[in-house]
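Working notes, structure below.
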Amino acid sequence: MKIASFNVNSLKARLPNLIEWLKEAGPDVVCLQETKSTDDTFPRGPIEDLGYNLAIHGQKTYNGVAILSRAPLEVTQIGLPGGDGDDHARYIEALVSVGDTVLRVASIYLPNGNPVDSEKFTYKLVWMDRLIAHAKGLLAYEEPLALMGDYNVIPTPDDVYDPKAWEGDALFQPESRGKLRELIYLGFTDAWRACHAETHRYTFWDYQAGSWPKNNGIRIDHILLSPQAADRLKGSGIDRDIRGREKPSDHVPIWAELEF
DNA sequence: ATGCCGGGCGAAGCCCGA
């Protein structure tokens, strides 16, 4: 089964792009981020026509996450627990049936956190603490689990074209990277990294400053697998060419193949 | 180059992203 994650940067603006990729890549499960669509404005039709069931956590203008699945979905969580008034649509989780077993998937849009000397960075770190706490609970189920999405964290200097250029950025702060490690060290496997030894492979290129033609990218979209999911990992990839297409998102899809 | 592009909102510039 192929699972994937794609920050579309507006579902409305990216719909032709997304449909084309869905037809080519044929993923069984897709986590979307930055849909910028409410449940009312979500373009269900064209996606359902390709055979996907939908789980949506929408919001107007900003954020918005969703899960598409060929197999039936059962939503288990909308919004990350521990919010205390946090109304950003950044987390949705569901159970997907796979034959006689289940895979739990979450679509994650982790806060950007810039600028670092603002409450936005605090929000990012607190959000990561909430994610860590929730993930601990999920791991206790000892079942196949995939936390996928735009983590807005560059894990290591090997995941950015120029570490110096990102020194002051929230995506590359020691605190951000430390909390991502704290999450991973609970027992998760970075699916793409587990399958690839090469460095400087990216999932995001800024629209500005010719970042794409210069390959000035960063790797911030990740698929984290529980031990029971990692045991089934057969491959992982980044659909890099999508970035060079007409009206692309600034992110590209990442995927993992799990054997069930 | 903390704003070079692109999207939303809404009808023009401003907010936001990473």
Side-chain angles (χ1 to χ4, degrees), chain A residues 5-19 21 31-43 56-66 86-91 107-128 131 148-180 200-222 238 240 242-254:
Chain A
S5 177
F6 188 9
N7 179 324
V8 290
N9 183 20
S10 171
L11 195 45
K12 186 180 166 195
R14 215 65 56 212
L15 194 59
N17 207 283
L18 173 68
I19 296 295
W21 171 74
C31 290
L32 300 178
Q33 301 86 35
E34 281 204 270
T35 60
K36 299 184 181 177
S37 305
T38 57
D39 296 8
D40 291 340
T41 61
F42 197 98
I56 297 168
H57 185 204
Q59 183 177 346
K60 192 179 162 83
T61 311
Y62 305 115
N63 313 313
V65 286
D86 179 7
D87 58 355
H88 292 202
R90 297 180 176 275
Y91 186 93
S107 183
I108 290 168
Y109 178 44
L110 208 143
N112 172 304
N114 279 304
V116 167
D117 60 353
S118 73
E119 70 289 342
K120 292 187 177 183
F121 189 56
T122 311
Y123 173 63
K124 177 185 192 126
L125 298 178
V126 169
W127 204 93
M128 292 186 85
L131 180 59
M148 315 194 262
D150 175 2
Y151 280 77
N152 269 321
V153 178
I154 301 165
T156 77
D158 285 340
D159 300 305
V160 50
Y161 65 97
D162 179 10
K164 280 239 177 298
W166 288 79
E167 234 167 34
D169 198 281
L171 279 66
F172 199 48
Q173 289 307 293
E175 295 95 326
S176 312
R177 293 170 55 195
K179 288 202 186 291
L180 180 63
H200 299 95
R201 294 295 182 270
Y202 311 127
T203 65
F204 169 92
W205 296 260
D206 201 299
Y207 288 121
Q208 303 177 80
S211 299
W212 168 243
K214 287 190 271 193
N215 195 29
N216 286 347
I218 52 179
R219 191 171 72 92
I220 55 174
D221 298 85
H222 308 298
I238 298 169
R240 187 180 186 281
I242 300 299
R243 185 63 177 81
R245 293 192 179 170
E246 200 75 18
K247 240 171 111 65
S249 171
D250 38 9
H251 296 250
V252 296
I254 56 164

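For clarity, every value in this text was computed on a predicted model and none was experimentally measured.
- For the C1' atoms, the distance linking B:dG10 with B:dC15 amounts to 13 Å, nearest Å.
- When ring centroids are compared, A:H88 and A:Y109 stay outside the 6.0 Å threshold.
- The side chain of A:T61 sits closest to B:dC9 out of B:dC4, B:dC15, B:dC9.
- For B:dG17, one of the phosphate oxygens OP1 or OP2 lies less than 4.0 angstrom from a side-chain nitrogen or oxygen of A:K120.
- Screening A:K36, A:Q33, A:H251 for a side-chain hydrogen bond (donor to acceptor under 3.5 Å, both in side chains) with A:N9, the sole residue that qualifies is A:K36.
- Between A:E34 and A:V116, the residue whose closest nucleotide on DNA chain B is further toward the 5' end is A:V116.
- The side chain of A:K247 contributes an N or O atom lying less than 4.0 Å from OP1 or OP2 of B:dG7.
- One C1' atom belongs to B:dG17, the other to B:dG3, and the distance between them is 11 Å to the nearest Å.
- The interatomic distance linking A:Q208 (CD) with B:dC4 (P) rounds to 7 Å, in whole Å.
- As judged by a 4.0 angstrom heavy-atom cut-off over every strand, A:N152 is placed among residues touching the sugar-phosphate backbone only.
- A:K12 places no side-chain N or O within 3.5 Å of a backbone atom of A:T41 that could act as its donor or acceptor partner.
- Counting to the nearest Å, the P atom of B:dG6 and the CG atom of A:L15 are 19 Å from each other.
- For the P atoms, the distance linking B:dT2 with B:dA12 amounts to 31 Å, nearest Å.
- Close to B:dG6, at under 4.0 Å from its OP1 or OP2, lies no side-chain N or O of A:R14.
- Regarding A:D150, its CG atom lies at a distance of 15 Å from the C1' atom of B:dG7, rounded to whole Å.
- Using a 4.0 Å heavy-atom distance criterion, A:D117 is classed as making no nucleic acid contact.
- The CH2-C1' distance, from A:W205 to B:dG6, rounds to 17 Å in whole Å.
- In this structure, the nucleotide among B:dC9, B:dC16, B:dG17 sitting nearest to the side chain of A:Y207 is B:dG17.
- Residues passing the side chain to side chain donor-acceptor pair (under 3.5 Å) test with A:S37, sequence neighbours excluded: none.
- Side chain of A:S107 to backbone of A:L32: a donor-acceptor contact under 3.5 angstrom is found.
- Each of A:I254, A:N215, A:T203 was evaluated against A:R240; a single residue qualifies, A:N215, per the side-chain contact (heavy atoms from CB on, under 4.5 Å) test.
- Within the 4.0 angstrom heavy-atom criterion, no nucleotide atom of any strand lies near A:Y151.
- Rounded to whole Å, the C1' atom of B:dA11 lies 30 Å from the corresponding atom of B:dA1.
- Rounding to whole angstrom units, CH2 of residue A:W166 and P of B:dG17 are separated by 13 Å.
- To the nearest angstrom, P of B:dC16 lies 12 Å from CG of A:N63.
- Atom CZ in A:F204 sits roughly 7 Å away from atom C1' in B:dG17 (whole-Å rounding).
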Nucleotide N/O to protein N/O under 3.5 Å, stretch nucleotides 10-13 of chain B:
none

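- Using a 4.0 Å heavy-atom cutoff across all strands shown, A:D221 reaches no nucleic acid atom at all.
- The separation between A:L11 atom CG and B:dG7 atom P is 13 Å, rounded to whole Å.
- Under a 3.5 Å cut-off, the side chain of A:R14 and the backbone N or O of A:V8 do form a donor-acceptor pair.
- In this pair, A:F6 and A:W21 present their aromatic rings perpendicular. The plane angle is above 60°, beyond the 30 to 60° band.
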